[in-house]
Amino acid sequence: MNARDLKQLVRALGPVALSALRRGQLVRPACTLTPPDPDILAEYEVRVPISDGFDVTVNIFRSKTAAARDEPVPVVMCAHPYDNRLLPALGKTPLGGPPQQYRLLPQDGSPTFSTQTSWESPDPNFWVPAGYAVVNMNLPGYGSSGGPPSVFSEQQGKAYYEAIEWVAAQPWCDGNVGLNGVSFLAISQYHVAFCKAYGGPPPSLRAICPWEGVADSYQDLFRPGGVWEAGFPVFWWYTEVVPAMNAEIEQFIAQEGSITPQWRQQHPTRDEWVEAKVPALEQIEVPTLLCASFSDHGVHTPGGFKAFTKIGATDKWLYTHRWLKWDSYYSREVQELTRRFFDCFVKDQRDNGFLEQTPRVRLEIRSSRDEVVQVRDADAWPLPQTELQRWYLDAQAQSLGTEPPARAQEAKYAAGRGQAVFRYRFEHDMTIVGPMALHVWVEARPGSLRDALRPPPDDVLLAVAIDKRDRQGESVRFFGTVGSKHDMVTRGYAAASMREQTAASTEWLVELSMREHQPLKPGQVVKLAVEIYPHATHFAAGETLELLVAGHELIPSAPLRKDLSANRGIHVLHTGGERASYLVVPVLPD
């Protein structure tokens with residue numbers, strides 16, 4: 001580890017560890033472990049041959065009763081790089097407790113799963129009694145699997161495809177496989193549900209359930225809005241990837257060109273290497289039950305919703321929530337929903353009521369962290385009945401209004417530490433559902449004598465946030481990224497130098513190309529389109545929505561940390577006149 005990576009790791013991991021220490025979570029993990037069901041037959045590190053000349057390993061959990069009867073069952077499967085040997089049941093986790101992540105990352109309640117459950121994977125204690133076997137796979141180069149290690153790759157999808165077909169051919173499997181899991185375990189499903197190496201999905205794959213996974217790692221995670229994520233790549237690499245790797249780091253570099261903390265230097269714009277990491281979502285046709293949460297804005301929220309809209313399957317469902325990730329995934333409600341989905345498509349029980357009783361979109365609307373206003377059904381996402389409104393920024397009044405200011409105005413702040421605030425007070429109750437988009441004219445100016453002695457600033461990096469204030473003016477908090485219980489409503493980021501949009505981008509649904517770096521010239525004023533991540537929030541009459549625009553991180557979310565260090569001088573936001581800046585707001589009619 002070089003000095004730069006060490007510094008970034010300390011800045012990313014330090015606040016997480018200190019917070020866990022204060023909560024006492026290091027010794028009292030935020031979860032509850034249960035012993036294995038006595039009917040479970042566990043087989044660890046079973047070797048599966050891959051055509052490229054190596055084996056991957058899987059853990060298999062199935063019913064002793066079904067095995068004694070030679071009764072084949074369908075399979076719930078997952079694949080990841082996190083080493084499926086790190087199980088409490090094998091005594092290979094810290095202090096014999098749960099996976100280490102539950103000692104660091106907070107939850108609201110205490111998710112419950114068995115000692116045979118690895119990080120973010122399906123729990124055999126639920127699935128085996130439900131009539132399934134569970135197969136937990138180490139991707140190539142991780143855990144005890146052979147082969148070269150990589151991430152988000154065609155090679156991983158190819159090995160997953162072959163492992164699925166090997167599982168389906170076993171005498172204890174009835175030939176039907178469904179995929180399940182959180183985060184990377186969701187992303188790996190996208191790559192195999194349309195496997196680039198084989199030009200389609202595995203023949204035995206019947207359904208997928210990707211739970212909170214990004215669709216485009218470059219756009220949604222490593223460089224949101226053109227702003228580099230500095231904390232996660234080094235945190236993930238050194239705490240999750242390297243410890244699980246069953247190979248030399250040089251083998252990873254041979255596959256990927258560099259380690260994840262160096263991707264920034266290797267891929268400063270969107271190139272062919274980046275494109276190869278994006279799964280062909282439009283070509284996924286297997287039935288899909290997908291979760292996209294409103295409480296993971298720094299990681300999975302934007303990609304989860306985009307994945308649902310892009311997946312080509314006719315049979316697809318979206319589950320939304322604003323709770324914390326693992327609390328939700330291991331909840332009884334979600335487990336039962338997923339079971340009914342798999343019963344319908346993996347067991348082929350089309351008459352089990354899932355098709356008739358399950359809305360296409362389960363929409364959870366909150367007014368605060370602890371108050372769910374409504375859980376309602378919807379037919380599509382984004383909601384087709386949404387009314388798009390333009391709320392114009394008024395720099396002089398520091399307000400948002402439905403009419404643009406007639407005269408040109410400027411809002412200025414120090415690029416490294418200041419911010420601009422614009423407020424909208426609700427005269428009547430209103431519910432806002434979906435992504436928002438900020439269209440704002442920006443300029444960078446020298447701010448001091450020191451700035452005047454240096455080359456003029458050539459970029460504007462923005463951190464944008466939406467906050468909610470109650471009638472007394474107090475900030476209303478929500479569940480948020482990485483277990484936060486003190487998040488704002490939502491957020492977004494933008495870099496003026498990466499402002500070019502794709503042909504598919506719209507006024508509301510912003511999509512950046514990220515293929516060209518366009519520094520600002522002195523005095524140049526440009527219009528930025530800022531993607532603000534989806535949310536579903538109710539505002540009561542008398543409450544206030546605040547739009548915050550700054551050149552520094554507005555919502556601390558360790559280990560995530562955006563690199564806004566290039567900001568210098570003064571940021572100028574232009575409003576009114578010929579440079580009317582505005583917020584696109586998706587309002588749900590009463």
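If you're wondering where the values come from, they're calculated on a predicted model, not measured in any experiment.
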Undergrad: Please determine if Arg390 and Glu507 form a salt bridge, counting it only when a charged side-chain N lies under 4.0 Å from a carboxylate O.
TA: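 Salt bridge flag = yes for Glu507 with Arg390.
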Undergrad: Can you find a side-chain donor-acceptor pair between Gln501 and Ser505 that sits under 3.5 Å?
TA: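 A pair is found: one side chain offers a donor N or O, the other an acceptor, under 3.5 Å apart.
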Undergrad: Are Lys310 and Glu282 ion-paired here, with the side-chain N under 4.0 Å from a carboxylate O?
TA: no
Undergrad: Any side-chain heavy atom of Pro224 sitting closer than 4.5 Å to one from Lys562?
TA: yes
Undergrad: Say whether His574 and Ser581, considering side chains only, have a donor N or O and an acceptor N or O under 3.5 Å apart.
TA: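 There is no such pair (donor and acceptor under 3.5 Å, judged by atom type) between the side chains of His574 and Ser581.
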Undergrad: With the side chain counted from C-beta on, respond yes when Tyr142 and Gln156 share a heavy-atom pair under 4.5 Å apart, and no when they do not.
TA: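 Yes; the side chains approach each other to less than 4.5 Å.
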Undergrad: Between Leu588 and Gln385, is any pair of side-chain heavy atoms under 4.5 Å apart?
TA: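 Yes. Closest side-chain heavy atoms under 4.5 Å.
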Undergrad: Is any side-chain heavy atom of Tyr329 closer than 4.5 Å to one of Pro122?
TA: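 Result yes, sub-4.5 Å side-chain heavy-atom pair found.
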Undergrad: For Trp326 and Trp211, what are the C-alpha separation, side-chain angles and deciding distance, and is it a ring-ring contact (aromatic ring centres under 6.0 Å, His included)?
TA: CA-CA 10 Å; Trp326 308 290; Trp211 207 260; over 10 Å; no
Undergrad: Quick one: do the Thr575 and Gln409 side chains pair a donor with an acceptor below 3.5 Å?
TA: yes
Undergrad: Looking at CG of Asp296 and CZ of Arg322, how far apart are the two atoms once the value is rounded to the nearest 0.5 Å?
TA: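 CZ of Arg322 is found 10.0 Å from CG of Asp296.
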Undergrad: I'd like to know if the side chain of Gln155 pairs up with that of Ser150 as donor and acceptor (distance under 3.5 Å, no hydrogens or angles considered).
TA: yes
Undergrad: For the residue pair Leu393 and Leu400, establish whether any side-chain heavy-atom pair is separated by less than 4.5 Å.
TA: yes
Undergrad: How about Glu165: does its CD atom have over 12 heavy atoms from other parts shown lying under 6.0 Å from it?
TA: yes
Undergrad: Is Lys316 close enough and on-axis enough to Phe308, meaning under 6.0 Å and within 45°, for cation-pi?
TA: yes
Undergrad: Which residues satisfy the salt bridge (Lys or Arg N to Asp or Glu O under 4.0 Å) test with Glu240, sequence neighbours excluded?
TA: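 So Glu240 forms no salt bridge (Lys or Arg N to Asp or Glu O under 4.0 Å) with any residue.
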Undergrad: Hey, can you tell me if Phe426 and Trp391 have their rings parallel, tilted or perpendicular (30° and 60° cut-offs)?
TA: perpendicular
Undergrad: Any ion pair linking Asp216 and Lys306 (charged N to carboxylate O, less than 4.0 Å)?
TA: no
Undergrad: Does the side chain of Ile164 come within less than 4.5 Å of Leu179's, by heavy atoms?
TA: yes
Undergrad: Using salt bridge (Lys or Arg N to Asp or Glu O under 4.0 Å) as the criterion, list what pairs up with Glu154, not counting sequence neighbours.
TA: none
Undergrad: Atom CG of Leu545 and atom CD1 of Ile432: how far apart are they, to the nearest 0.5 Å?
TA: 5.5 Å
Undergrad: Using a strict threshold of under 4.0 Å (side-chain N to carboxylate O), is an ion pair present between Glu500 and Arg270?
TA: no
Undergrad: I need the Met488 CE to Thr537 OG1 distance, nearest 0.5 Å.
TA: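 Going from the CE atom of Met488 to the OG1 atom of Thr537 covers 13.5 Å.
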Undergrad: Among Phe232, Phe252, Trp263, exactly one meets ring-ring contact (aromatic ring centres under 6.0 Å, His included) together with Trp237. Which residue is that?
TA: Phe252
Undergrad: Could you go through Asp467 and Arg491, starting from their C-alpha distance and side-chain angles, then the distance that decides it, and tell me whether this counts as salt bridge (Lys or Arg N to Asp or Glu O under 4.0 Å)?
TA: CA-CA 9 Å; Asp467 198 10; Arg491 68 184 84 181; over 6 Å; no
Undergrad: Other residues, nucleotides and ligands only: do more than 12 of their heavy atoms fall within 6.0 Å of CD on Glu356?
TA: yes
Undergrad: Give me the atom names and distance for the closest heavy-atom approach of Gly231 to Ala12.
TA: O-CB, 3.8 Å
Undergrad: Mark yes or no: Arg362 above the aromatic ring of Tyr319, with NZ or CZ under 6.0 Å from the six-membered ring centre and no more than 45 degrees from the axis.
TA: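 Yes; both conditions hold, so Arg362 lies above the ring face of Tyr319.
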Undergrad: Lys277 and Ser153: side chain to side chain contact (heavy atoms under 4.5 Å, CB included), yes or no, with the steps?
TA: CA-CA 6 Å; Lys277 298 290 183 188; Ser153 68; 4.1 Å; yes
Undergrad: For the residue pair Tyr493 and Glu553, confirm or rule out a side-chain donor-acceptor distance under 3.5 Å.
TA: yes
Undergrad: Assess whether side chain to side chain contact (heavy atoms under 4.5 Å, CB included) is satisfied between Ile365 and Val375, documenting all intermediate values.
TA: CA-CA 6 Å; Ile365 301 170; Val375 176; over 6 Å; no
Undergrad: Can the ring centres of His535 and Phe294 be said to be less than 6.0 Å apart?
TA: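 So the answer is no for these two rings.
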Undergrad: Do Arg469 and Glu546 sit within salt-bridge range, that is, some charged N less than 4.0 Å from a carboxylate O?
TA: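 The answer is yes: the pair qualifies as a salt bridge.
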Undergrad: For this output row, return yes or no: ring centroids of Phe184 and Phe152 closer than 6.0 angstrom.
TA: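 Here the rings of Phe152 and Phe184 have centres that are less than 6.0 Å from each other.
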Undergrad: For Phe345 and Trp317, I'd like to know if the aromatic rings sit close, meaning centre-to-centre distance below 6.0 Å.
TA: yes
Undergrad: Passes salt bridge (Lys or Arg N to Asp or Glu O under 4.0 Å), Glu229 versus Arg223? Steps please.
TA: CA-CA 6 Å; Glu229 167 59 45; Arg223 202 174 191 189; over 6 Å; no
Undergrad: Would you find a donor on one side and an acceptor on the other, under 3.5 Å apart, between the side chain of Gln419 and the backbone of Tyr413?
TA: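 No: the side chain of Gln419 does not pair with the backbone of Tyr413.
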Undergrad: Counting C-beta onward and ignoring hydrogens, is there a side-chain heavy-atom pair between Leu290 and Tyr190 closer than 4.5 Å?
TA: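 Result yes, sub-4.5 Å side-chain heavy-atom pair found.
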Undergrad: Quick one: CZ on Arg376 to CD on Glu364, what's the gap to the nearest 0.5 Å?
TA: 13.5 Å
Undergrad: Checking Met77 against Tyr160 for the side chain to side chain contact (heavy atoms under 4.5 Å, CB included) test, could you report, in this order, the C-alpha distance in whole Å, the side-chain angles of both residues, the deciding distance, and whether it holds?
TA: CA-CA 10 Å; Met77 190 170 177; Tyr160 200 177; 4.0 Å; yes
Undergrad: Run the numbers on His300 and Ser183 for side chain to side chain donor-acceptor pair (under 3.5 Å), then give the verdict.
TA: CA-CA 8 Å; His300 297 120; Ser183 190; 3.0 Å; yes
Undergrad: As an exercise, state the distance from CG of Leu548 to CG of Leu554, rounded to the nearest 0.5 Å.
TA: 5.5 Å
Undergrad: Do Val440 and Val464 touch side chain to side chain, with heavy atoms closer than 4.5 Å?
TA: no
Undergrad: Take His321 and Ser295 through the test side chain to side chain contact (heavy atoms under 4.5 Å, CB included) and record every step on the way to the result.
TA: CA-CA 8 Å; His321 69 90; Ser295 51; 3.9 Å; yes
Undergrad: Just verifying a value: how many Å separate Leu528 CG and Leu461 CG, rounded to the nearest 0.5 Å?
TA: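 Taking CG in Leu528 and CG in Leu461, the distance rounds to 10.0 Å.
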Undergrad: Heavy atoms only: give me the nearest Pro435-Leu509 pair and the separation to one decimal.
TA: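 Closest heavy-atom pair between Pro435 and Leu509: CG-CD2, 3.6 Å.
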